[in-house]
There are 2 protein chains.
Amino acid sequence: MAQGDMRDRPRHAGAGDRQMTALDPRAMRLANAETVLRALYGADALSQAAIATATGLSRRTVELILVDLEAEGWVRVRSTEPHASGRGRPARQYAFRSEVGVVLGIDIAHDRSTVAAADLRGRTLHTAVVPMPGEPERAERLAGTRRAVAEALRAVGVRPGQVGSVSVATPGNVNDKGAVDVELSMHGWTGVRLAEEFAPDFAVPVHVENNAKLAVLAELWEGATPGADHLLWLMLEGQYNGMGIVMDGVPYRGVDGAAGEIFWAKGLGLDALTASPLIGLGRLEPEERRAEATAILERAERGDPAALSEVDSFADVLARGLSALSWVFAPRYVVLGGWLAWALGDLLATRVAARMARNAPPFVAVRRSTLGPDAVVRGAIRAALDRYEWTAARPLAPERRPSPVDGG
Amino acid sequence: MAQGDMRDRPRHAGAGDRQMTALDPRAMRLANAETVLRALYGADALSQAAIATATGLSRRTVELILVDLEAEGWVRVRSTEPHASGRGRPARQYAFRSEVGVVLGIDIAHDRSTVAAADLRGRTLHTAVVPMPGEPERAERLAGTRRAVAEALRAVGVRPGQVGSVSVATPGNVNDKGAVDVELSMHGWTGVRLAEEFAPDFAVPVHVENNAKLAVLAELWEGATPGADHLLWLMLEGQYNGMGIVMDGVPYRGVDGAAGEIFWAKGLGLDALTASPLIGLGRLEPEERRAEATAILERAERGDPAALSEVDSFADVLARGLSALSWVFAPRYVVLGGWLAWALGDLLATRVAARMARNAPPFVAVRRSTLGPDAVVRGAIRAALDRYEWTAARPLAPERRPSPVDGG
DNA sequence: GAGATTTACGCTACCTCCTTGCATAAATCA
DNA sequence: TGATTTATGCAAGGAGGTAGCGTAAATCTC
C-alpha cells in the first residue's frame, strides 16, 4: 500500500477499468457502506431518502447501513430538522463525523519543519513548527521533525498508532521507495529513507513526496484551479525551485519521482534564472527576502524602470521556458507558486501571461497561486486524506476524539 | 462512453479509488463473471480450480459462472486434457473464444486509409487498404475510408452493427469530442468530426485519436517496451511528425489532445529539424523515400562522411530536444518510431543515445521502435480492444463468427 | 483386472445482502 | 380534529456466494 505498487503494470489485460477482485456479499456491503459514507462526506447532512437517490441504493439498504455506521461512530444523527417543503414528517438528518480520524501533513523545509494535524475533512486542528536554523545535519533535522510530530499529536490528543494517514513533504527527488535520491541543498539529505524513518512511529504506511508535487495538490483542492485536469505548477522559492505536473487530475511523478526538473534541463533556458537577482533573494532569511521582494514590488508599481526591468527579464526567461513546455504538455493552466510568486503578487503573473500569449498554445491560462506559505503542508494533508483507508480504518473512540477547539 | 467524459473531474471526494456505484447482487455477479472472463482471457485454457485460485472466487461460483458464459458463447470447453501430475480425474479445460467479437482499427494516413479487423485477442483477421493518391478532398477521403471498412467487414463476415469496438487514427489534433482541431497537411481535414462521421455506421461509440498517440499503444503492447510505465514515443515521418506520451501506463492527451506538439514549440530546437534533408525525404513517394533512406544508411555504414554527418546533425538536434524533455518527463524510455527511424535502423538510435547519455537523466534509455509500418493500425486495434465493453457486449452468433482463415 | 488413490465435478444447505412493498409515525394544513 | 404529506420500520422474497459432502473419472498398485 506504500508507494511504488501501481507502477509499470501492464495495462492490457483486456478492456475498461473495472475492478478485478472477487466480490462476495461482504465485499458488496463494504463497498456500499463506503458509497454511503462518501455521499455523506460530500454534503453537510443528508436524509435517508437523499442518500438513496444520491447513491442509487434502496432506502432500506441505506437505512441498514446507517445503523451500522452510526454504531461504529462514523455518522451522527442530527435531530430532525424543519424540512424543506414545509409539510410532512421531517426527515432525520445524518452527518459525517470528521472528528473520528486524524491525518498528518509533514513539511520538511530548509529552515523549518512544520507538522499539521487535520480532521477527515482536512480542517487543520493544530500546527506545530520547529525552526531549523543553521543548516542542521540529517539526524538533527529528523529529530526536530519528530518533536513537531509529537507536539501536534499531543495537542490533538491522539496517539501515533491512531493516526489515519501520514504524508511527508521534502525538497529533492523522492524515489518510488520513499527515499530522497538527490537533494543537494540540505546537509546529508541525499539518500535519507524518509518512509522507513517514520514508518515505525505509525500504524499506517508513510507517504513521502517532493514538496512541489504536494503543493500542487493544495492548489487543486483549495487554490486557484480547483479540480483542474491538466496543469503545470511552478514553485519559485529562490534557490530551491521545483515543478508539480498534474495530468488527468493526478500528480505525475515520472521514473523515481524525477519528473519536473526543468531547472536542470538545458534547452529550456530556465537555468538562466539562477543568475536573476530575484532568485538571489532566496539566499536571504525569510523575513529579509520578503521585505526585499515587497520593496521591488512597490518600486515596480510606482513605475521604477530598474525594478520593472528586473521583473521583466525574469518574466522573459520564465515565459520562454513555460511556452515550450505548454506545447508539450498542453496544460489548461500554468500556475506560479512559491514565496517569490506570492511576494510579487499579480505583477509577475500578468507579465508572464502577456509574454506567453504570443508563444504558447491559446488555451493555456496563467494563474498566480492563491495559496500562502502553508501550500506544502496543505498539499501533504490532501495527499494524506487521499490515502486514508476508509474501509480499513476504525473511528477513534469518543474519549480520544480531538475537537477543533483544542488545537491552534 | 465516448471521449471527454472523465476529464476535469474533481478528484477529491475522499480517499482511494474504489468505485462509487451502488452494488446489488446482479452487479456483483456481472463483476465476478467479468473477472472469470478476464482470467480466461489472460491464459490459454484453465480448469475450474485454476480459475478459482486465480480469481479468489469459490470453485462453485466459478462453476456456475462458467455455465452461463458457455451458454452465452464466451467460453468453450476443451475436451478433458491429459493433466499435469499424471493421475486423478482430468480437469475440464475452459478457453476464452476470441472469435466471438470483432474490433476495427482504422488508420487514415496521408497517402492511404487502412482498416484492420481483429478478434478479441487482437489477432488481425483482415486488412483492407485503399490508396489515397493526389491529396484528395475531405469527402473523397472519407468515402474511400468507408470503402475500406466495408471491405474489411465483408471479408470477416460481420455486419457493421455487430462490431464490438472501433478506433480511428488520424493526423492532427483530435479534440475531446473526436473532431480534428488542426491538421494542415491534408486537404479540408481541419474541423472534420470523425467521431460523428463514423458513429452512424456502428452500434458502438467511435473512438478517434491522433496517429502518434495510438502508435505508442502498439509499442506498449507488442513493441520494444511492453508494459512500460513512462515513455516518450517519437513518430518521425518526414513532414508529418508527432509524439506519443505515456504516463503511468496511460497515453496522455492534454487539453483537447494538444499534448506533444514538440515541433511547434520554440525553445526545444526541434523545429530546426524541418530544415534537415532527412525530413525532406518525407516529400517523396513512399517507395522513393524508403530507397533514399536505405541509400543513406548504406553509405553511412560504409563510413561515407557526408552521409554520417547528415545523420549526426539530425541526431544532434533530436538529442538536444529529447534531453530537455527527459528532465521534464523523467521517462523510462525514449522510443524513435515512424518510417524514418524504421528506415535508418539502429544507426539513428545509437547516435541519439550517445548524445543523450551526456545530457539526459541517467535512467532514460533510448530505443528504436520494433514496429513496422502497421504501428498505427495496431495501436488503433489496441485502443479498440481497451474500449471493448465486455459486460455490454453480446457474443456473435456461431454462424456469424469470423475465422482467422477467412481473411488475409 | 479389482480395489486403492487421487483429483475433479455436481449439488444441497445455508448465509448475507439487496429490494419491494406495506403499515405506522410525525409533521403541516384546513 | 381529521386529511394530507413525508419519513420510518419491518416482513417477505430473491439473487448470489460459500462450505462441504457424495459421486465421477482418471491412474496406481498388487
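By convention in this document, chain letters (A, B, ...) are assigned in the order of the sequence lines, proteins followed by strands, and residues within each chain are numbered from 1.
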By side chain to side chain donor-acceptor pair (under 3.5 Å) - contacts of [X] (at least two apart):
| X | answer |
| --- | --- |
| R59(A) | Q48(A), E63(A) |
| R121(B) | S98(B) |
| S58(A) | T61(A) |
| E222(A) | R378(A) |

Exercise. Looking at residues at least two apart in the chain, or sitting in another chain, which of them share a side chain to side chain contact (heavy atoms under 4.5 Å, CB included) with A384(A)?
Worked result: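 Checked A384(A) against side chain to side chain contact (heavy atoms under 4.5 Å, CB included); matches are V103(A), S165(A), S167(A).
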
Which whole-number value in Å describes the distance from [X] [atom1] to [N] [atom2]?
| X | N | atom1 | atom2 | result |
| --- | --- | --- | --- | --- |
| Y94(B) | dC9(C) | OH | C1' | 9 Å |
| E63(B) | dG16(D) | CD | C1' | 14 Å |
| D24(B) | dG16(D) | CG | P | 9 Å |
| L64(A) | dT8(D) | CG | C1' | 12 Å |
| R92(A) | dA26(C) | CZ | C1' | 12 Å |
| L66(A) | dC18(C) | CG | C1' | 15 Å |
| M28(A) | dG17(D) | CE | C1' | 9 Å |
| L23(A) | dA15(D) | CG | P | 18 Å |

State whether [X] places a side-chain N or O below 4.0 Å from either non-bridging phosphate oxygen (OP1 or OP2) of [N].
| X | N | result |
| --- | --- | --- |
| N32(A) | dC18(C) | yes |
| R26(A) | dC18(C) | no |
| R29(A) | dC18(C) | yes |

For this session: Not counting sequence neighbours, which residues clear ring-ring contact (aromatic ring centres under 6.0 Å, His included) with F202(A)? List them please.
Result: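 ring-ring contact (aromatic ring centres under 6.0 Å, His included) list for F202(A), sorted by chain: empty.
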
Exercise. Which of the following nucleotides, dC18(C), dA8(C), dG17(D), is nearest to the side chain of P25(A)?
Worked result: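 Among dC18(C), dA8(C), dG17(D), the one nearest the side chain of P25(A) is dG17(D).
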
Exercise. P90(A) has a side chain; which of dC10(D), dA26(C), dT19(C) sits nearest to it?
Worked result: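 Selected nucleotide (nearest to the side chain): dA26(C).
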
For this session: Could you tell me whether a side-chain N or O of Y41(A) sits under 3.5 Å from a main-chain N or O of L120(A), the two making a donor and an acceptor?
Result: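 Confirmed, Y41(A) side chain pairs with L120(A) backbone.
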
For this session: Just call it for Q48(B): base, sugar-phosphate, or nothing, with non-hydrogen atoms closer than 4.0 Å on any strand.
Result: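 Contact class for Q48(B): sugar-phosphate only.
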
Pick out the pairs of N or O atoms, protein on one side and nucleotides 19-24 of chain D on the other, that lie under 3.5 Å.
from, atom 1, to, atom 2, distance (Å)
dA24(D), N3, R89(B), NH1, 3.2

Exercise. Side chain to side chain contact (heavy atoms under 4.5 Å, CB included) with V158(A): which of L104(A), L396(A), L125(A)?
Worked result: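 Of L104(A), L396(A), L125(A), side chain to side chain contact (heavy atoms under 4.5 Å, CB included) with V158(A) is met by L396(A) alone.
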
Exercise. If you write DNA chain C from 5' to 3' in dot-bracket form, with Watson-Crick or G-U pairs under 3.5 Å, [ ] for crossing pairs and | for pairs with another strand, what do you get?
Worked result: ||||||||||||||||||||||||||||||

Problem set entry | salt bridge (charged side-chain N to carboxylate O under 4.0 Å, His left out) involving E196(B) - partner list, sequence neighbours excluded |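 Result, salt bridge (charged side-chain N to carboxylate O under 4.0 Å, His left out) vs E196(B): R193(B).
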
